[in-house]
Amino acid sequence: MGKLDLRRIALALAAPVLAIVVALVITCLILLAAGSSVSGFLSTIFSVPAERNVINILNNASILYLSGLAAAIGFRMNLFNIGVEGQYQMAVFTAAVFAAQGWLPGPINVIVSIILAMLVGAIWASIAGVLKVTRGVSEVISTIMLNAIAVSLTAYMLRKVGVSTGSNLATEEIPRDSWVGGIKLLSGAPNELLGLSLLAVLGGIGYAILLNRSKFGFALRATGTSASAAVASGIDVRRMVVVSLMISGAVAGLIGLPLLFGNSHSYGTTFQAGIGFAGIAVALLGRNNPIGIAFGALLFSYLTEQSNLLEINAQVSPDIVAISQGVIVLAVVIAYEVVRRYRNALEQRQVAAELSTSAPSEATPEATR
Amino acid sequence: MTQTMAVRLRGIGKSFPGVVANHDVDIEVRSGTVHALVGENGAGKSTLMKILYGVQKPDEGTIEIAGDQVVLHSPADAIQHGVGMVFQHFMLADNLTVLENVVLGGEKLYGIGDKARAKIKELSDSYGFGLSPDDMVEDLGVGQRQRIEILKVLYRGAKIIILDEPTAVLVPQEVESLFGNLRELKAQGYTLLFISHKLDEVLAVADGVTVMRRGTTVAAVQPKDVTARQLAELMVGSELPSPSTEDSTVTDDVELSVENVTLAGAGERNLLDDVSLRIHRGEVLGIAGVEGNGQTELVELVMGIRPATSGRVLLGTEDITTWSTAARRNAGIGYIPEDRHRHGLLLDFPLWENRILGHQDRPPTVRGPWINKSGARKDSQRIVDQFDVRTPSIETTARALSGGNQQKFIVGREMSGDPVLLIASHPTRGVDVGAQAAIWDHIRDARRLGLAVLLISADLDELIGLSDQIQVILRGRLVGEFDPDTVTPEQLGSAMTGAGEEE
Ligand SMILES: Nc1ncnc2c1ncn2[C@@H]1O[C@H](COP(=O)(O)OP(=O)(O)OP(=O)(O)O)[C@@H](O)[C@H]1O
Ligand SMILES: [Mg+2]
């Protein structure tokens with residue numbers, strides 16, 4: 001059995017590895033066509049990151065991971081929540097404004113801000129959910145629209161409440177006692193792991209438990225695979241749509257917080273954007289599996305970090321890595337299918353072989369039982 | 001004269017994880033005949049036919065079609081060699097027309113326009129299918145849907161047509177007209193191969209019968225040489241248990257009452273029109289009717305999936321008209337849906353997770369807000385043992401089970417947790433004669449303990465054998481009540497079609 005399980009694990013890893021290899025090959029072909037240095041690209045990408053880069057990778061990965069989780073919750077329900085971006089912008093903006101007031105002392109201020117961010121994300125996502133179940137509006141369209149609205153709305157509100165420092169317009173700074181300190185992970189690195197990146201770990205554990213152990217998670221997965229069977233079994237599908245979008249939005253609300261409380265301490269025009277979309281890719285790469293998403297987040301984060309060196313080391317534009325990332329996502333979808341077929345064929349052959357070694361006339365009736 | 005063989009399969013073997021679905025299968029089908037394939041649930045019939053249709057690849061053995069040895073990699077290959085198949089579970093797109101469904105995937109043959117339309121009309125007319133190309137599939141009954149499936153196959157030029165349990169979903173009149181179609185096709189030189197659990201039908205229409213047992217072919221017989229009993233014994237390898245008749249267990253306590261329920265439809269006619277019925281504890285009420293006359297709507301209404309336009313539904317003395325499906329299930333209503341794939345199962349989930357479906361608010365499958373994995377596993381194993389579900393394990397996905405075994409699992413699940421009322425739509429559809437008798441026994445046992453059953457079935461023998469009272473439904477109305485002790489299938493049949501009804 002042990003041997004079989006090892007093989008299982010190997011097969012599970014085969015798809016993403018295959019996809020990455022394909023993506024690298026395609027990226028190299030593009031570089032060749034563009035007349036850039038392939039060897040320079042490869043040696044830069046595969047160079048061992050310095051300690052401070054490792055910390056960067058972990059920080060970004062945890063943020064990406066939260067975004068991937070948010071997207072995955074929707075995917076499990078067959079809902080395409082493209083709106084993670086808008087949900088987290090709204091949430092982090094609200095949290096920044098609230099926390100900056102300093103109405104509450106230190107850590108309590110942080111906790112309440114976190115809850116507030118989740119609420120705002122949930123409410124923003126619920127608009128799409130309600131539109132879907134009452135008016136039949138596709139969540140893809142409504143969340144895209146809500147993204148656009150969120151961007152304009154936060155920009156507008158920022159102009160109202162923000163303060164200018166140089167060219168940057170930002171909310172007021174959060175009081176010092178509500179800053180969340182970092183974790184000194186590597187002694188050689190000048191930077192630290194963001195304190196709230198632990199939210200990613202909590203989120204991952206919560207996601208795994210919710211999905212696989214809870215009634216709600218069962219209802220979610222059931223609705224995602226067969227809405228008709230869900231209805232017949234008494235699951236309120238409309239409620240599930242709204243609630244799961246809200247949970248997705250609540251998780252999205254966490255995305256901006258590690259940076260807000262650990263690094264920037266205010267929300268401004270330069271605050272990190274685009275994580276919501278990257279999360280969709282990461283969720284796809286990780287097959288909505290909590291560990292898979294972590295893997296995807298680390299990979300994307302690693303590639304992005306390494307790409308910063310491309311310009312200097314290999315005179316290649318870092319944009320090439322965005323292309324690689326896109327190709328990985330495409331390739332992974334195909335690779336999963338290829339590996340799935342291979343695994344089926346393999347299992348069938350194994351069973352056939354096992355059964356044919358024992359006397360067939362005896363083995364068969366037992367096996368069919 | 002030696003007739004040519006349309007199909008000859010030799011030494012076919014096929015294994016799935018944990019299961020040998022086929023081994024050493026030999027079968028010969030003369031061309032221009034109707035050939036039947038019979039066997040218990042899980043005997044490997046569908047698998048064998050899927051091999052002949054190129055859906056599954058055999059691990060070993062040879063396939064000869066019209067004398068030529070062939071290797072089939074896909075259904076496209078099979079169609080090239082003139083083999084077409086109608087599956088156990090229909091594969092039509094509801095929101096497309098007949099024309100669109102037929103043409104889908106076969107656009108290269110006659111295009112998608114007038115030529116295709118003409119071809120469909122020609123085929124439909126020459127075999128008496130009575131289909132119009134522009135009808136929406138969602139408006140058609142099962143019999144017509146099945147004819148679309150057959151037409152699809154003919155349209156693609158098949159000469160050998162496989163039908164997997166074509167009669168399971170049909171009422172007797174439709175079975176007759178299907179067999180009429182088959183005879184017509186046979187007369188035109190087509191070869192037909194069909195799977196059925198209804199042995200009387202098999203003997204009536206087939207020219208040759210092959211019996212499968214536990215993955216292999218055990219006998220090839222001529223219908224004139226055997227009786228249905230002998231055939232059944234060949235299938236199971238032992239004598240059949242004979243279902244026993246029983247005294248009435250009907251009590252005076254009303255368990256379900258439906259009072260003047262009306263369900264408005266999109267058109268002018270009501271889907272259900274002033275329907276009233278009562279089922280007592282310990283009573284089975286059978287509903288007879290041609291499919292599409294309101295049975296589905298009645299069941300969905302009692303289950304709370306569709307709200308009534310007017311009227312009331314009571315469980316015991318409680319008015320449940322506005323209750324949700326979940327509340328009704330939790331109050332003890334079990335539900336065997338008519339379409340097991342769409343409504344009864346999560347096909348890609350393991351069996352033990354399917355045990356939770358519909359029981360997600362009750363022990364032993366849940367504990368508080370959490371799934372009780374060990375409870376669900378244990379109870380799934382109980383169902384597997386008690387209902388003789390043939391599966392390698394409860395970790396197997398529902399999809400991997402044969403149709404009849406999926407059905408047995410659903411019946412077992414819905415009879416779990418001592419339901420007070422069982423809504424059973426075609427509870428034995430697709431199960432073999434032995435398992436059918438076993439399911440009937442389970443229902444009878446539960447009835448003796450006070451279960452009330454609303455039974456919908458296309459199988460008139462089942463209705464008559466199991467019911468304490470039979471109501472006939474026609475165009476959304478209950479049009480006649482019969483005593484199962486005295487009624488004959490013929491009487492029921494004519495009431496179902498409205499023959500003898502004054503217009
Ligand atoms: N895709 C699959 N994966 C794994 N096992 C399978 C698969 N398809 C069929 N089997 C197994 O192969 C055996 C034969 O199944 P098959 O569907 O051929 O039975 P059948 O004779 O058609 O039964 P029924 O009368 O119930 O439809 C069963 O034990 C079934 O569980
Ligand atoms: Mg079958």
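Computed from a predicted structure; not experimentally measured.
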Of A:N212, A:L210, A:V231, the largest count of non-hydrogen pairs under 4.5 angstrom with chain B goes to A:V231
Find the distance between [atom1] ([X]) and [atom2] ([Y]) and round it off to the nearest 0.5 Å.
{"X": "B:L346", "Y": "A:T223", "atom1": "CG", "atom2": "OG1", "answer": "9.0 Å"}
{"X": "A:K215", "Y": "B:R367", "atom1": "NZ", "atom2": "CZ", "answer": "12.5 Å"}
{"X": "B:Q360", "Y": "A:S233", "atom1": "CD", "atom2": "OG", "answer": "4.0 Å"}
{"X": "A:F216", "Y": "B:W370", "atom1": "CZ", "atom2": "CH2", "answer": "12.0 Å"}

Could you tell me which portion of [X] (side chain, backbone, both or neither) has an atom closer than 4.5 angstrom to a non-hydrogen atom of chain A?
{"X": "B:E300", "result": "neither"}
{"X": "B:P369", "result": "backbone"}
{"X": "B:L357", "result": "both"}

Do A:S228 side-chain atoms and B:R342 backbone N/O form a donor-acceptor pair below 3.5 Å?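 Present.
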Does the B:R329 side chain pair with the main chain of A:A232, one donor and one acceptor, at a distance under 3.5 Å?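 Yes, because the side chain of B:R329 sits within donor-acceptor range (under 3.5 Å) of the backbone of A:A232.
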Show the nearest heavy-atom pair for residues B:A326 and A:G234, with the distance to one decimal.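 Heavy atoms of B:A326 and A:G234 come nearest at CB-O, 3.3 Å.
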Taking side-chain hydrogen bond (donor to acceptor under 3.5 Å, both in side chains) as the definition, give me every residue that meets it alongside A:S214, ordered by chain and number, with sequence neighbours left out.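 side-chain hydrogen bond (donor to acceptor under 3.5 Å, both in side chains) list for A:S214, sorted by chain: empty.
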Among B:L345, B:D348, B:D361, B:L347, residue most engaged with chain A (heavy-atom pairs, under 4.5 Å):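 Highest number of heavy-atom pairs under 4.5 Å: B:D361.
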Counting heavy-atom pairs closer than 4.5 Å to chain A, which one of B:I356, B:V366, B:T216, B:T365 comes out on top? B:I356
Inspect the surroundings of CG in A:L198 and state if more than 12 heavy atoms from other residues, nucleotides or ligands are less than 6.0 Å away. yes
CZ of A:R213: more than 12 outside heavy atoms within 6.0 angstrom? no
